[in-house]
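When a residue number appears, it is its place in the shown sequence, counting from 1.
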Amino acid sequence: QVQLVESGGGSVQAGGSLRLSCSASEDSVNMYCMGWFRQAPGKEREGVAGTSSTGLRTVYVDSVKGRFTISRDNDKNTLYLQMNSLTPEDTAIYYCARARYGGFCSDPLAPGDFAVWGQGTQVTVSS
């Protein structure tokens, strides 16, 4: 079973930036849509961004469009999320995940469409 490990979370002030990484234990992930989700206390898990297997097609939740950029480096089996202009509303645990089927991501991203999850990394944005 492939394992996903996130890194890059932390605490920043509003307006700051963070770059999350998700490293996969095997290159089979390169055939799948990969996504970033987040979950804030008391809220449901939310799909933030997804990228197709080739990286050519991406999807974003409206609240992060223009601020977040998802990318992948299939040579390194690594997924990234560049987060700019962060706000306190972005505070959450961020998870990377591999789709259950196929190389294209659903829009919107649905947690049930993803089969493999990382352990999460905390992002805290202070005002």
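More than 12 heavy atoms of other residues, nucleotides or ligands lie within 6.0 Å of CZ in Arg100, so this atom counts as buried by the packing criterion. The 12-atom threshold is exceeded at CD of Glu26, counting heavy atoms of other residues, nucleotides or ligands nearer than 6.0 Å.
Considering only heavy atoms from C-beta on, Leu20 stays 4.5 Å or farther from Glu6 through its side chain. No side-chain heavy atom of Glu89 sits under 4.5 Å from any side-chain heavy atom of Val125. Between Gln119 and Val5, the closest side-chain pair of non-hydrogen atoms falls below 4.5 Å. Residues Ser127 and Pro88 have side chains in contact (heavy-atom distance under 4.5 Å, counting atoms from C-beta outward). Inter-residue side-chain proximity for Arg38 and Tyr95 is flagged as unmet; no heavy-atom pair is nearer than 4.5 Å. By the 4.5 Å heavy-atom criterion applied to side chains, Val123 and Met83 are counted as neighbours.
Both Val64 and Ile70 are assigned to one and the same hydrophobic cluster, defined by single-linkage of ILVMFWY side chains at heavy-atom distances under 4.5 Å. Clustering ILVMFWY residues whenever any of their side-chain heavy atoms sit less than 4.5 angstrom apart, transitively, puts Trp36 in a cluster other than the one holding Tyr80.
Residues Cys105 and Leu109 approach most closely at CB-CD2, 3.9 Å, considering heavy atoms. Residue Ala40 comes nearest to Ala92 through the heavy atom pair N-CB, 3.8 Å, listed as atom of the first residue, atom of the second, then distance. Residues Tyr60 and Phe68 approach most closely at CE2-O, 3.3 Å, considering heavy atoms. Smallest separation of non-hydrogen atoms from Ser53 and Asn30: CB-O, 3.3 Å. When all heavy atoms of Ser63 and Arg67 are compared, the pair lying nearest together is O-NH2, 2.9 Å. Across every non-hydrogen atom of Arg72 and Met34, the tightest pair is NH2-CG, 3.4 Å.
Listed for the Ser25 side chain is a donor-acceptor partner under 3.5 Å among the backbone atoms of Gln3. Side chain of Arg98 to backbone of Tyr32: no donor-acceptor contact under 3.5 angstrom is found. Under the 3.5 Å distance criterion, the side-chain polar atoms of Ser23 are left unmatched by any main-chain donor or acceptor of Thr78. Looking at Thr91, its side chain never comes within 3.5 Å of a backbone N or O of Thr124 through a donor-acceptor pair.
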Inset, instruction - Show your reasoning for whether side chain to side chain donor-acceptor pair (under 3.5 Å) applies to Ser17 and Asn84. - result: CA-CA 4 Å; Ser17 298; Asn84 299 329; 2.9 Å; yes

Inset, instruction - Tell me, with the steps shown, if Leu79 and Val29 meet side-chain contact (heavy atoms from CB on, under 4.5 Å). - result: CA-CA 10 Å; Leu79 179 73; Val29 299; over 6 Å; no

Inset, instruction - Any chance you could lay out the side-chain contact (heavy atoms from CB on, under 4.5 Å) test for Val61 and Glu46, step after step, and finish with the verdict? - result: CA-CA 9 Å; Val61 68; Glu46 172 188 44; 3.8 Å; yes

Inset, instruction - For Thr121 and Ile93, run side-chain contact (heavy atoms from CB on, under 4.5 Å): C-alpha distance rounded to whole Å, both residues' side-chain angles, the deciding distance at 0.1 Å, then the answer. - result: CA-CA 5 Å; Thr121 186; Ile93 298 175; over 6 Å; no

Inset, instruction - Determine, step by step, whether Asn74 and Asp27 satisfy the side-chain contact (heavy atoms from CB on, under 4.5 Å) criterion, reporting the C-alpha distance in whole Å, the side-chain angles of both residues, the deciding distance to 0.1 Å, and the verdict. - result: CA-CA 8 Å; Asn74 285 347; Asp27 61 6; over 6 Å; no

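With values rounded to the nearest 0.5 angstrom, Cys33 atom SG is found 10.0 Å from Phe104 atom CZ. Here the straight-line distance linking atom OG of Ser11 with atom CG of Leu86 works out to 11.0 Å at 0.5 Å rounding. In this structure, CD on Gln13 lies 13.5 Å from OG1 on Thr87, to the nearest 0.5 angstrom.
Donor-acceptor pairing under 3.5 Å is recorded for the side chains of Asp113 and Ser106.
Listed by first and then second residue, the ring-ring contact (aromatic ring centres under 6.0 Å, His included) pairs involving residues 106-127 are Phe37-Phe114, Phe37-Trp117 (not counting sequence neighbours).
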